[in-house]
Number of protein chains: 2
Amino acid sequence: MSPVQSPALPPATSLPPVSDLTAHLGFWLRLVSNHVSHAFAAKLAATEVTVAEWSLMRALYDKAPMPPSRIADDMGLTRGAITKLADRLIAKALIVRAASPDDGRAQTLALTERGTALVPALAALADRNDAEFFDALTPDERASLLRLLKGLAERGQMTATPIE
Amino acid sequence: MSPVQSPALPPATSLPPVSDLTAHLGFWLRLVSNHVSHAFAAKLAATEVTVAEWSLMRALYDKAPMPPSRIADDMGLTRGAITKLADRLIAKALIVRAASPDDGRAQTLALTERGTALVPALAALADRNDAEFFDALTPDERASLLRLLKGLAERGQMTATPIE
DNA sequence: CGGAGATAGTTTCCTAGTCAATCAAAGAGG
DNA sequence: CCTCTTTGATTGACTAGGAAACTATCTCCG
């Protein structure tokens, strides 16, 4: 702009204008997403598992034993993270780790009986959490939001399960 | 259910059905949000600041020096987190910490000249990131998504800035 | 005034990830 | 077959943030 300097109000008034954060869709997306996740974490706090632990348990439910690498891909975490996450769940006797029969390097993870039995109650919490936020929308609005989000996910090649 | 047991296919086939993760709007919200954030983090990796650091710098830009507590509220982080975040930015000479003139307990944070000069370039990265994901939508779709998200945010009393 | 409680910020300890190094088992090629 | 490379998992060093304890200061009120 012009070299004319305005007469120094507290923060020098002639800063280059910068777009407002709230102008970004990403801002609102993250705001809402964070709140939904946080509310779910609060519900899980009453249980013996964390959000990431629930996510891993859900991934194993009603499926054959799976290698950690597969789960890492599904959950969008590194293998190292899965190793430690699995360690915690094993310590709680909710899952078991076993050597793969066909590949000497590989391991498999599977829910224990206790872990399996716990999943439905946790899933109910997840259902309730989702309802708590999105039942406020009309069915049309829900459908519209779902369509938009799925479209973005598809276009952006977003595959991994976010840690829910 | 009935005591009849199905004849043991790999994972016993008679588990209580549990709602699919992808049935939840929260799932898709988080999936997209995580991807957008991650893409932005990748862009910032080429700079000298992290996402949280950018967020703090943006909060200070074009405003009078602010107390850390205010920033903690704005960013949705604890005060302890802001102390450490500020320490890192001070080490990079991007912000300064000063004692508040009127309250002996309080501190204020403000951008340095260098920090101020850096903000517009970072803001441009943020703009570009948002555009990258959401320009794929039509103007109508963008407006619709924005309206839905703002409505959810308002209804859920979501105030704090998510760490962008 | 002076002490009780509230408030601002920092610090400490803990949790949960990433990244890079490591090790063992598989697979490929001469 | 023997080496080279790749792959699966684990480990260790490091980072970022939360919760709660702690310190200093302020405010209120008897």
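Note that the coordinates shown come from a computational prediction; the quantities given were computed from them, not determined experimentally. All chains are named by letter (A, B, ...) in the order of the sequence lines, taking the proteins before the strands, and each is independently numbered beginning at 1.
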Item checked: Side-chain donor/acceptor of A/Arg114 to backbone N/O of A/Leu94, under 3.5 Å -> no
task = Please check if the side chain of B/Ser37 supplies one atom and the backbone of B/Ser33 the other of a donor-acceptor pair under 3.5 Å.
result = yes
Exercise. Mark yes when over 12 heavy atoms from residues, nucleotides or ligands other than B/Glu48 sit less than 6.0 Å from its CD; otherwise mark no.
Key: yes
Tell me, yes or no, whether the heavy-atom count around A/Arg70 atom CZ, taken from other residues, nucleotides or ligands under 6.0 Å, exceeds 12.
no
Residues of residues 78-95 of chain B with a heavy atom under 4.0 Å from any atom of DNA chain C, listed by number, are B/Arg79, B/Gly80, B/Thr83, B/Lys84
Sorted by number, residues from residues 96-105 of chain B placing a heavy atom under 4.0 Å from DNA chain C are B/Arg97, B/Arg105
Looking only at side-chain N and O atoms, does [Y] offer a donor or acceptor that is under 3.5 Å from a partner on [X]?
X	Y	answer
A/Thr108	A/Arg97	no
B/Thr138	B/Asp140	no
B/His24	A/Asn129	no

Length of the [atom1]-[atom2] vector between [X] and [N], whole Å:
X	N	atom1	atom2	value
B/Arg70	C/dG9	CZ	P	12 Å
A/Met75	C/dA16	CE	C1'	12 Å
A/Leu77	D/dT10	CG	P	14 Å
B/Ile71	C/dT10	CD1	P	11 Å
B/His38	C/dG17	NE2	C1'	12 Å
A/Gln107	D/dT11	CD	P	10 Å
A/Asp73	D/dG8	CG	P	9 Å

Here the pair of heavy atoms bringing B/Leu109 nearest to B/Leu60 is O-CD2, 3.5 Å
Note: B/Glu132-B/Lys43 ion pair, threshold 4.0 Å (strictly below):
yes
Quiz item: Are OP1 or OP2 of D/dT7 and a side-chain N or O of A/Ser69 less than 4.0 angstrom apart?
Solution: no
